[in-house]
S.K.: 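Structure below; questions to follow.
Just so you know, ligand 1 is whichever comes first in the structure, and atom 1 is the first atom listed for that ligand. All values reported here derive from a predicted model rather than from experimental measurement.
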Amino acid sequence: MEITFLGTSSGVPTRSRNVSSVALRLPQRAEVWLFDCGEGTQHQFLRSEFKASQIRRIFVTHMHGDHIFGLMGLLATCGLAGNPQQRVDIYGPPRLNDYLQSCRRYSETHFSYPIKVHTVSPGLVYEDDEFEVRCDRLEHKVTAFGYRISEKDRPGRFDVKRAASLGIPPGPLYGQLKQGKVVTLPDGRRIRGQDLCGPPLVGRKLAYCTDTIYCDRTVELARDVDVLIHEATFAHQDADMAYQRLHSTSTMAAQVALLAEVRQQLIMTHFSPRYAPGNAVSLDDLLAEARAIFPKTLMAHDFFTHEIQRQELVAAAP
Ligand SMILES: [Zn+2]
Ligand SMILES: [Zn+2]
């Protein structure tokens with residue numbers, strides 16, 4: 001599971017940062033899930049290793065322009081230039097469907113592939129054999145949702161050699177043992193599947209929380225995740241502005257990570273352009289403020305990529 005930030009500025013793009021979008025690449029699937037789609041996201045795609053035709057799902061947090069103005073352009077481009085485009089499922093707040101339908105109608109845009117818009121409400125948003133996506137309300141000027149993406153746990157690796165040494169005949173019995181079931185062999189021996197499987201592979205978890213001021217629901221959404229992506233529009237000294245505009249400071253983001261017991265990493269994004277290099281307060285200050293509370297904090301920049309590792313691998317690393 002790998003995340004790539006395609007935009008990390010709040011409100012408006014700057015010379016070095018585009019507005020919000022994060023791409024999630026899933027293991028063993030040639031598909032990309034997108035979280036938010038600010039203006040210019042399709043240009044960021046051109047500058048990345050992704051292809052727009054890989055997009056399978058788009059999760060939208062809220063209707064502010066810096067999170068959705070890139071949607072129509074990106075969707076219109078998908079399926080052009082002969083790229084076969086699979087269906088795109090878009091998840092987001094109630095007015096997203098109206099917005100897209102209107103854009104489509106007034107610009108007379110025709111999509112050559114199916115698009116389905118799902119209106120989300122707190123709870124389960126999407127589920128398949130391997131993944132589950134849930135959402136909950138954030139605290140922002142307009143209705144906004146944070147998302148939690150969980151990879152399902154998988155049974156541990158089946159020890160084929162050991163099974164063979166016990167004289168278990170290959171075939172359907174292996175399948176049952178792999179699932180942890182207890183089987184009785186033709187000679188009457190009872191074998192427990194769990195004795196032949198390694199420790200279960202714990203699924204990776206990611207939370208995406210923007211835009212929001214600190215709230216308890218964010219903490220619950222991010223509970224025990226491996227990686228939390230959280231907005232940090234303002235520095236701690238500008239907390240007044242954060243309260244007025246319902247955005248987070250770097251210290252609020254770190255507080256959420258601390259209380260949620262985030263396992264691997266807090267990655268902050270959605271920075272106000274006021275902290276660009278050369279200003280009195282810079283992004284290094286935001287990072288230092290957050291690390292004082294939650295040391296495992298990183299700042300995202302455009303095209304910053306982070307591999308979410310399995311917890312066992314992180315624990316085993318030197
Ligand atoms: Zn925003
Ligand atoms: Zn917003």
Side-chain angles (χ1 to χ4, degrees), residues 3-24 34-44 58-74 90-100 103 119-122 135-148 206-215 217-218 221-222 228-235 238-254 256 266-276 283 286 290 299-304:
I3 41 179
T4 300
F5 289 79
L6 298 171
T8 54
S9 180
S10 75
V12 294
T14 68
R15 288 171 79 105
S16 58
R17 293 177 187 270
N18 198 42
V19 282
S20 289
S21 187
V22 173
L24 170 67
L34 210 57
F35 292 83
D36 284 330
C37 188
E39 182 188 353
T41 296
Q42 65 168 316
H43 297 262
Q44 299 294 78
I58 304 175
F59 299 87
V60 174
T61 56
H62 66 297
M63 298 297 290
H64 279 158
D66 59 325
H67 298 256
I68 61 164
F69 282 171
L71 259 180
M72 268 310 282
L74 182 75
I90 307 174
Y91 306 81
R95 284 179 301 163
L96 182 62
N97 194 33
D98 287 351
Y99 169 76
L100 287 173
C103 288
T119 298
V120 303
S121 52
C135 78
D136 205 353
R137 270 177 208 280
L138 305 177
E139 202 70 46
H140 194 42
K141 291 238 163 168
V142 297
T143 302
F145 293 95
Y147 291 95
R148 177 188 174 98
L206 164 72
Y208 178 72
C209 299
T210 186
D211 297 352
T212 187
I213 194 164
Y214 174 90
C215 73
R217 286 189 301 276
T218 327
L221 201 63
L228 166 63
I229 299 170
H230 199 290
E231 72 132 297
T233 308
F234 294 110
D238 295 322
D240 285 353
M241 265 189 283
Y243 280 105
Q244 278 164 23
R245 302 180 190 181
L246 298 182
H247 279 295
S248 291
T249 61
S250 50
T251 46
M252 291 177 195
V256 171
L266 162 65
I267 306 179
M268 300 195 296
T269 184
H270 199 273
F271 307 116
S272 165
R274 75 186 57 233
Y275 307 117
L283 291 180
L286 273 74
M299 312 282 278
H301 54 79
D302 287 21
F303 305 108
F304 172 71

S.K.: Looking only at N, O or S atoms, find the one in H64 nearest to the Zn ion (ligand 2) and name it.
M.R.: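 Restricting H64 to its N, O and S atoms, the minimum distance to the Zn ion (ligand 2) goes to ND1.
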S.K.: If you compare all heavy atoms of F234 against all heavy atoms of H247, which two are closest, and at what distance to 0.1 Å?
M.R.: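 For F234 and H247, the tightest heavy-atom pair comes out as CE1-CB, 3.9 Å.
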S.K.: On a heavy-atom basis, which atom in P93 and which in H62 lie closest, and how many Å separate them?
M.R.: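 P93 and H62 have their closest heavy atoms at CG-CA, 3.8 Å.
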S.K.: For the Zn ion (ligand 2), which N, O or S atom of D211 is at the shortest distance?
M.R.: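 It is OD2 of D211.
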S.K.: Taking both backbone and side-chain atoms into account, decide whether H140 has an N/O/S atom under 2.8 Å from the Zn ion (ligand 2).
M.R.: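 Yes, since at least one N, O or S atom of H140 sits under 2.8 Å from the Zn ion (ligand 2).
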S.K.: Tell me, please, if D66 has any N/O/S atom, main chain or side chain, under 2.8 Å from the Zn ion (ligand 2)?
M.R.: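 Checking the Zn ion (ligand 2) against D66, no N, O or S atom falls under 2.8 Å.
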S.K.: Within the 3.5 Å criterion, strictly below it, is a donor on H140 or T212 matched to an acceptor on the partner's side chain?
M.R.: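 Their side chains do not contain a donor-acceptor pair, so the 3.5 Å distance test is not met.
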S.K.: So, Y208 versus Y147, ring centres under 6.0 angstrom or not?
M.R.: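 No, the ring of Y208 stays outside the 6.0 Å limit from the ring of Y147, centre to centre.
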S.K.: Indicate if the distance from the Zn ion (ligand 2) to the nearest N, O or S atom of H62 falls below 2.8 Å.
M.R.: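 A backbone or side-chain N, O or S atom of H62 is under 2.8 Å from the Zn ion (ligand 2).
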S.K.: Set out, in order, the CA-CA distance, both residues' side-chain angles and the distance that settles side-chain hydrogen bond (donor to acceptor under 3.5 Å, both in side chains) for H67 and D211, then state yes or no.
M.R.: CA-CA 9 Å; H67 298 256; D211 297 352; 3.1 Å; yes
S.K.: Would you say H247 reaches the Zn ion (ligand 1) with an N/O/S atom under 2.8 Å?
M.R.: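 H247 does not place any N, O or S atom closer than 2.8 Å to the Zn ion (ligand 1).
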